[in-house]
Amino acid sequence: MNAQLENQLRAAKMAAREMMTLDTTDKNNALQAISEGLLAHKQDILDANAIDLKKAKENGITDAMYDRLTLDEKRIEALSASVKSLIDLPDPVGEVIREIDRPNGLKIVQVRVPMGVYGIIYEARPNVTVDIAALCLKSGNCCVLKGGKEAITTNKALMHIMLEAIAGIVPEGVLSLIENNDHEIVDELIHANDYLDVVVPRGGAGLIQFVVKNATVPVIETGAGICHLYVDKDADLSMALEIAKNAKLQRPSVCNAIETILIHKNVYEDFLPPLRAAFSKVKIYGDERTCEVIKAEEATERNYATEYDDYIVNIKIVDDVNEAIDHIYKYSTKHSESIITNNQATADLFMNALDSACIYHNASTRFSDGGEFGFGAELGISTQKLHARGPLGLREMCSFKYKIEGNGQIRE
């Protein structure tokens with residue numbers, strides 16, 4: 001293993017022992033210091049980000065990915081506020097999940113404890129560096145972060161600011177950034193079973209699948225988002241249009257943006273023209289009926305199975321809600337789906353029948369986010385079922401253990 005990486009992992013493993021008993025006040029003081037440090041060094045962050053953005057443009061990065069990479073004053077202030085918001089959330093460590101009194105006098109208490117050391121592998125978005133660090137601090141965990149080369153200058157600046165802020169408040173080694181961009185480093189990280197308790201990949205489908213298929217460290221699969229919006233025959237079409245615009249156009253590069261819009265056969269002729277006008281800068285792939293009403297390219301199986309992260313969308317006309325459900329089962333990554341309808345029975349069928357982590361009725365999929373769920377930030381959005389799914393907040397970042405009190409009991 002790379003010597004520098006092993007030193008970082010060893011330091012994190014040692015720090016994790018101290019974090020098990022760290023006082024909530026110290027955690028909150030560290031968060032407060034980070035929040036203030038981000039604002040105090042705003043210009044340093046902007047300068048570092050400008051270097052990454054310049055290189056990204058020279059390398060032909062897409063507009064959507066450029067947006068993911070960008071930090072401006074407003075986003076830095078939002079990052080600072082997000083970190084500060086965690087201070088007011090309950091500390092999950094030590095929370096009693098359940099208590100059991102056995103007939104033999106044993107008292108069993110199940111309590112929440114830190115997971116230990118997280119290895120986070122992510123692409124492009126430098127805000128993840130701060131979000132994950134803050135969540136790990138509050139939940140008593142340590143993290144070793146491996147960001148993408150596109151954001152390396154920004155990530156280094158952010159990590160420097162955070163480490164300077166928390167010095168003397170929490171153990172050394174709690175937070176660290178891997179600056180080596182060699183591909184072999186990722187491979188070593190996902191096989192570091194002696195040091196890491198869990199690995200979380202955040203990024204495109206290629207990165208996520210590489211980690212899932214190759215890691216020996218336990219993996220929480222997150223992020224890949226082929227999300228769907230179904231416009232039912234009983235939908236308020238003006239509401240549907242506004243939700244579609246928000247779910248696709250607000251930030252197309254994020255995992256909770258929609259990639260496919262399914263429209264009931266009874267309303268597509270009325271809905272498609274205003275949708276096409278609102279999606280003027282969006283490339284549309286559609287089925288035969290769609291292409292008869294608006295200008296669109298013919299959609300293929302590959303289109304429906306693609307997460308674009310860009311101003312591209314698929315449209316398909318369906319005969320009923322059951323066909324919409326069947327389509328979603330075939331192509332969804334089990335992230336987020338939404339139905340627009342005023343028929344509660346249809347909404348109930350859609351929400352109960354589907355197996356995705358987040359299912360909406362008359363709302364945008366863009367709310368699949370830790371902050372919007374009241375969790376503060378999020379570790380990621382889990383699309384699997386072990387050990388948690390959906391936006392992963394402080395509680396989901398913990399494990400648990402049992403404390404058993406006795407007075408001399410022995411098993412017969």
Legend entry - Pairs satisfying ring-ring contact (aromatic ring centres under 6.0 Å, His included), at least one member in residues 151-208, at least two apart: H183-F210
Inset, instruction - Identify, with sequence neighbours excluded, every residue that meets side-chain contact (heavy atoms from CB on, under 4.5 Å) alongside E396. - result: A388, L392
Legend entry - Within residues 384-412 or reaching into it, pairs that qualify as ring-ring contact (aromatic ring centres under 6.0 Å, His included) - sequence neighbours excluded: F400-Y402
Inset, instruction - Could you note down all residue pairs passing salt bridge (charged side-chain N to carboxylate O under 4.0 Å, His left out) where residues 107-117 supplies at least one of them, sequence neighbours left out? - result: E95-R112, E99-K107, D101-K107
Inset, instruction - Compute whether any side-chain donor of one residue and acceptor of the other, for N314 and Y308, lie under 3.5 angstrom apart. - result: yes
Legend entry - Non-neighbouring partners of D348 that pass salt bridge (Lys or Arg N to Asp or Glu O under 4.0 Å), sequence neighbours left out: none
Legend entry - Pairs flagged by salt bridge (charged side-chain N to carboxylate O under 4.0 Å, His left out) wherever residues 165-193 is involved - sequence neighbours left out: K156-E179
Inset, instruction - To the nearest 0.5 Å, tell me how far S338 OG sits from I359 CD1. - result: 10.0 Å
Legend entry - Exercise: do S35 and S80 side chains pair donor with acceptor under 3.5 Å: yes
Inset, instruction - Decide whether T306 and N303 meet the rule of one side-chain donor and one side-chain acceptor closer than 3.5 Å. - result: no
Legend entry - Pairs satisfying salt bridge (charged side-chain N to carboxylate O under 4.0 Å, His left out), at least one member in residues 363-378, at least two apart: none
Inset, instruction - Can you sort out the partners of D67 under side-chain contact (heavy atoms from CB on, under 4.5 Å), two or more places apart, ordered by chain and number? - result: R75, R251, S253
Inset, instruction - Look at D91 together with R395 and state whether they make a salt bridge at an N to O cut-off of under 4.0 Å. - result: no
Legend entry - Close aromatic pair by centroid cut-off 6.0 Å: H327 and Y304: yes
Legend entry - Distance-only side-chain donor-acceptor flag, D52 / T153, under 3.5 Å: yes
Legend entry - ring-ring contact (aromatic ring centres under 6.0 Å, His included): pairs with one or both residues in residues 98-135, sequence neighbours excluded: none
Legend entry - Donor-acceptor pair between N141 and S139 side chains, under 3.5 angstrom: yes
Inset, instruction - For N181, enumerate each residue passing the side-chain contact (heavy atoms from CB on, under 4.5 Å) test, keeping only those at least two apart in sequence or located in another chain. - result: K146, K149, I152
Legend entry - Side chains of Y360 and N362, donor plus acceptor under 3.5 Å: no
Inset, instruction - Measure across A347 and T341 and return the closest heavy-atom pair with its distance rounded to 0.1 Å. - result: CB-CG2, 3.8 Å
Legend entry - Residue pairs involving residues 33-52 (criterion ring-ring contact (aromatic ring centres under 6.0 Å, His included); sequence neighbours excluded): none
Legend entry - Residue pairs involving residues 32-49 (criterion salt bridge (charged side-chain N to carboxylate O under 4.0 Å, His left out); sequence neighbours excluded): K42-E73, K42-E77
Legend entry - Residues T365 and N256: side-chain donor-acceptor under 3.5 angstrom: no
Inset, instruction - Using a 4.5 Å cut-off on heavy atoms from C-beta on, say whether the side chain of E259 contacts that of V313. - result: no
Legend entry - Residue pair L145 / S176, side-chain heavy-atom distance below 4.5 Å: no
Inset, instruction - Indicate yes or no: does K245 engage E242 in a salt bridge with an N to O separation below 4.0 Å. - result: yes
Inset, instruction - Establish, from distance only, whether the side-chain atoms of N49 and T154 form a donor-acceptor pair under 3.5 Å. - result: yes
Inset, instruction - Tell me yes or no: between the side chains of E221 and S382, is some donor less than 3.5 Å from an acceptor? - result: no
Inset, instruction - Please determine, by modelled atom types, if S336 and S368 share a side-chain donor-acceptor pair under 3.5 angstrom. - result: yes
